[in-house]
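Note that the coordinates shown come from a computational prediction; the quantities given were computed from them, not determined experimentally. Every number for a ligand or one of its atoms is a count from 1 in the order of the listing.
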Amino acid sequence: MSSIVLLGATGSIGVNTLIVAKRYNIRIEALVAGSNIDLLNKQIAEHSPKIVVIANEADKHKVNHDNVRCGNAAILTLIEESQSPLIVNALVGYTGLAPTLKATSLGKKVALANKESLVVAGEFIDMSLITVIDSEHFGLWYLLNDRPLSKLYITASGGAFRDWDLAKMKDAKFSDALKHPNWSMGNKITIDSATMTNKLFELLEAKWLFNTSNIDAVIEKKSIIHALAEFTDGSTTAHFAGVDMKLPIAFALQGEVTEEILPPVDLLAMGALEFLPIEATRYPIWNIKEHILNNPHLGVVVNAANEVTIEAFQNEKCSFFGMADMVLDAYDKFGDVKAKNIAEIIEIDKEVRAYANAK
Ligand code: NDP
Ligand code: MG
């Protein structure tokens with residue numbers, strides 16, 4: 001890849017993407033960030049992008065660049081004007097959907113960390129242009145071959161509360177939920193890991209990527225195995241790799257990778273591995289897993305309700321389990337919706353947010 005546009009540069013995936021891009025001498029045509037202007041200024045000094053987009057006009061004067069634009073519409077214009085064949089979308093949440101659609105409508109490839117794009121509108125996204133940046137899907141892609149498959153598995157760490165007493169979880173705070181046992185990631189995906197919503201989203205992501213609903217998830221607490229493929233012949237293969245997103249990012253940027261990105265896993269240091277079921281008592285969102293895998297168009301409902309409830313949880317207007325209650329309530333209420341196009345997706349998203357906000 002000669003050059004990229006990087007959306008979400010100051011986030012966890014964005015920072016790792018810049019490290020990988022530097023290693024491969026990939027030019028950074030444009031950087032898009034929200035409000036972490038200090039880090040953005042360091043990135044501008046190091047990577048000399050031609051254009052910069054930030055979220056808010058009020059921060060513009062702090063950015064050390066003479067071509068700064070602001071707001072969501074500016075991200076879409078940037079994609080339109082860009083020369084780069086690849087857009088790396090590492091924005092978080094629903095904000096990432098419009099840029100994914102804009103890029104694919106222009107025939108540009110998208111290295112997509114923003115899984116919410118697929119959860120919300122997978123049916124309307126041209127998958128031939130998408131490479132996903134997600135460790136489990138990278139693992140699945142790595143495992144797949146021409147042999148007949150019977151089932152796919154991805155693993156979950158179990159998130160911040162996997163070892164907590166259920167009774168104590170009722171009073172868990174936002175700051176508790178941010179303590180992920182294995183991965184260092186942005187706040188939203190860390191909360192989604194504590195509720196297991198992230199894994200539900202990843203099953204949907206896999207559905208659109210690999211065109212199958214025959215996929216499940218299990219807990220593997222060390223996050224060393226990311227995915228497993230079960231073949232018709234009775235063999236199961238597993239993908240092991242370090243807990244570091246630079247490996248999937250390197251493949252998403254380069255297509256193929258022939259040198260060491262991460263040190264190999266140390267088999268003797270690893271110790272025992274175990275697989276555990278995901279229990280709906282601890283992760284109530286798991287109650288809808290089968291249903292949503294067979295009705296993936298309802299991802300838009302779960303995503304909108306989830307984004308509203310995370311904010312409510314952060315502002316202490318909702319308890320930890322109150323988040324799942326709200327999402328499951330919205331799932332029930334909007335169970336009959338089925339968008340026929342993106343305009344209807346946008347409409348449903350708005351309605352669900354209004355409903356969840358009014359609760
Ligand atoms: P972060 O919260 O760390 O980063 C989000 C990025 O988006 C930041 O650069 C932020 O800017 C920017 N941003 C947010 N809102 C806006 C906006 N309105 N306009 C412009 N920029 C904005 O998230 P992660 O990097 O953890 O996750 C990004 C995506 O990747 C998510 O969809 C997540 O699910 C997915 N993902 C993440 C993994 C990980 O290891 N982190 C693994 C697999 C998938 P700023 O900080 O400057 O405000
Ligand atoms: Mg993942």
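The atom name of the N/O/S atom in E136 closest to the Mg ion (ligand 2) is OE1. Take the N/O/S atoms of E202: the one nearest the Mg ion (ligand 2) is OE2. Nearest N/O/S atom of D134 relative to the Mg ion (ligand 2): this is OD1.
Checked against a 6.0 Å centroid threshold, the rings of F174 and F320 do not count as neighbours.
Backbone and side-chain nitrogen or oxygen atoms of E116 are examined, and one is located within less than 3.5 angstrom of a nitrogen or oxygen of ligand 1. In terms of N/O distances under 3.5 Å, ligand 1 is not approached by G14. Residue contacts with ligand 1: T95 is placed with no nitrogen or oxygen under 3.5 Å of a nitrogen or oxygen of the ligand (distance criterion only). Backbone and side-chain nitrogen or oxygen atoms of I133 are examined, and none is located within less than 3.5 angstrom of a nitrogen or oxygen of ligand 1.
With a 4.0 Å cut-off on non-hydrogen atoms, A9 touches ligand 1 through its backbone and not its side chain.
Of the candidates I189, N72, L91, L91 brings a heavy atom nearest to atom 31 (C) of ligand 1. Summarising the contacts of atom 25 (O) of ligand 1 with T10, N187, I13, V32, the nearest heavy atom is found in I13.
Distances shorter than 4.0 angstrom occur between a heavy atom of A90 and an atom of ligand 1.
Side-chain contact of Y331 with H291: a donor-acceptor pair under 3.5 Å is present, judged by distance alone.
Seen from the ring of Y283, R162 does not count as a face-on cation partner, given the 6.0 Å and 45° thresholds.
Interface atoms of ligand 1 facing M185, defined by a heavy-atom separation under 4.0 Å, are 26 (O), 39 (C), 40 (O), 41 (N).
The shortest non-hydrogen separation linking V352 to A330 is CG1-CB, 4.3 Å.
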